[in-house]
Amino acid sequence: MSLAGKIGLFFVVAWLLAAIFGPSIAPHPVGAVVSPDVFGAFSSAYPLGTDYLGRDMLSRILYGSRFTIGLALVAAICASVTGTTIALVAATAGGWVDELISRLMDALISIPSKMLALVMVAAFGSSVGLLILTAAVSYTPGAFRIARSLAVNVRTLEYVLAARARGERLPYVGVVEILPNMVNPMLADFGLRFVFVVLLLSGMSFLGLGVQPPDADLGSLVRENISGLFEGAPAVVVPAIAIATLTVSVNLLIDSFSGRTGRVAEN
Amino acid sequence: MAEARALASPRRFAVPARWRGTIAWLVANRLASGALTLVIVSMVIFVITGWLPGDAAQEALGQSATPETIAALRAQYGLDKPPHIRYLHWLQGLLTGNLGQSFTANLPVTELIAGRLPKSLLLAAVTAAVSVPIALTIGILSAMWRGRALDRALNLATLSMVAVPEFLVATIAVLVFAVKLQWLPALSNAVDVSTPAQFVRTYAMPVLTLCFVVIAQMARMTRAAVIDQLSASYVEMAVLKGARPARVALRHALPNAIGPIANAVALSLSYLLGGVVIVETIFNYPGLASLMVDAVTNRDMPMVQACAMIFCFAYLLLVLIADLVAILSNPRLRHR
């Protein structure tokens, strides 16, 4: 594995651990006002400074990473699984079913994810469930498109033809014959979906339309401390850098595995 | 990718076989499917935003509303009619430029949008003008030196840049240029841009932020397009006859890569649509995207619908241009 890949792996593992164990290793409770000093600088007591109310930024970020990573994982899994399942149905059934599903997905892909998210939040208000649903719906067509092109390629291989010739049912052909041969590229694609969802949801939270107070993901942390920007407070930049280390390291890790390109596959 | 999509979806209409596969046929086919997609997109947006029609009137009138006033307002907005009638009515409004009344500002949506749209287009145009030359240079250099140290460094840089959230770039830009160096104002209200200096002061940071991701994206796609050409056999021929690497890349490969590169440029520019939402908000830039974010916050549905349609239309248009360029620049199709 390349050096960049190792760095990526290190940060990905570190963030996963932070998301899982964050609340137990956080030095302070998430909502506790611990310092009289608002927008405090880096210090030994508060390694990442303090926020606009004097809360410990390190603790806020550890708790926030749980939201960011948790929401994105659930949404990305939903998108990848749904996209792959529909793609298998389309590819194994073929004919007009394939044509209809592909057409519909082509139309859905034409709504930029941020637009869909804005419209959904405008209509239904923001909640954790809605955010997951929106992100999953946004990125399902992209996963479908990749999975379908993989499945269509595998479909024409001889062992699949052999399975069909001996009279296997379509679900069997899809799940037992085709699926195992597209797992690796779909895992790489899942990593990309995860990055897109993190960027989408933290962007929505940054606009104040994502995770709602008192809960806060990393995007919300940037938003709530934005007034500290003009005094150069670390509280604004640190959560934004936290998001970047997460997304960039996932990208580096995927790239070292598969040589796939970054955001090219978005939508 | 886009080309494959356009070419791989033959629609089976009753047309003479000799028409199929011609450029005119492919272009007409692509235009028709674009129009169909636009209709489906409008339906999706309308279904989502029109789901709770009573809410909109209730929201507009607030707590003091009586059932009678709500009913009156619903009738005024046409919310008492069945959904498909409302959809057709809305569609007609979209086509004739009558987008209804903003709930919060109490002004015609068209009027509010007309004030903001040119500013967003200007921002996009400046970003495109800055990002395209830089991205093409990076992409072509990477492709020429593929596998070498420069290419690997650029690959790592662009790979990281595409995953950086816009608000990180924006906040760091503000910290460096507005807070520490104090060269630029932190907000871009775009009130007075009559002199070139003011123009630069207003646009420097929003454009810088938008360029960051777009350049990375476009450079990666350009690199892929040029490498695709460099691996063709006519390039091998040029190398074998002794042409220098720069000449092979610029004289032989590049002219053939122009189609795929233009395709990459159009697709990459569609990423502006997502970035502009964040950038206009953070710099307080009075464009269409910040208008839409305000409308979403206030749940001003006619405004949200109109802005969403404009953004989706712009996105579809860019993807359409990318596909059409791919079709028109394919030399195999040119002499059918």
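This structure is a prediction, so every number in the text was calculated from the model and none was measured. Order of the sequence lines fixes the chain letters, A, B, ..., with proteins taken first and strands second; residue numbering starts at 1 for each chain.
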Query raised in the report: Should R299(B) and V121(A) count as side-chain neighbours, where that means a heavy-atom distance under 4.5 Å?
Result: no
Query raised in the report: Any chance OH of Y87(B) has more than 12 other-residue heavy atoms, nucleotides or ligands included, within less than 6.0 Å?
Result: yes
Query raised in the report: CZ/F311(B) to NZ/K114(A) distance, rounded to the nearest 0.5 angstrom?
Result: 11.0 Å
Report task. Working to the nearest 0.5 Å, report the span between CG of L320(B) and OG of S110(A). Result -> 10.5 Å
Report task. Any chance you could measure T281(B), atom OG1, to F206(A), atom CZ, to the nearest 0.5 Å? Result -> 7.0 Å
Query raised in the report: Considering only heavy atoms from C-beta outward, does the side chain of I226(A) approach that of F167(B) to under 4.5 Å?
Result: no
Query raised in the report: Relative to chain B, which of G208(A), G125(A), G219(A) shows the most heavy atom pairs under 4.5 Å?
Result: G125(A)
Query raised in the report: So which of T171(B), I40(B), V44(B) has the largest heavy-atom pair count under 4.5 angstrom toward chain A?
Result: T171(B)
Report summary line: The interface call for L209(A) against chain B, heavy-atom contacts under 4.5 Å, is side chain
Report summary line: Ranking L246(A), V250(A), V236(A), V222(A) by heavy-atom pairs under 4.5 Å to chain B gives rank one to V222(A)
**Report entry** Inter-residue atom distance I278(B).CD1 - L207(A).CG, 0.5 Å rounding
**Finding:** 4.0 Å
Query raised in the report: If we only count heavy atoms from C-beta on, is the M115(A) to V304(B) side-chain gap below 4.5 Å?
Result: no
Query - Separation of I111(A) CD1 from M309(B) CE (nearest 0.5 Å) - result: 9.0 Å
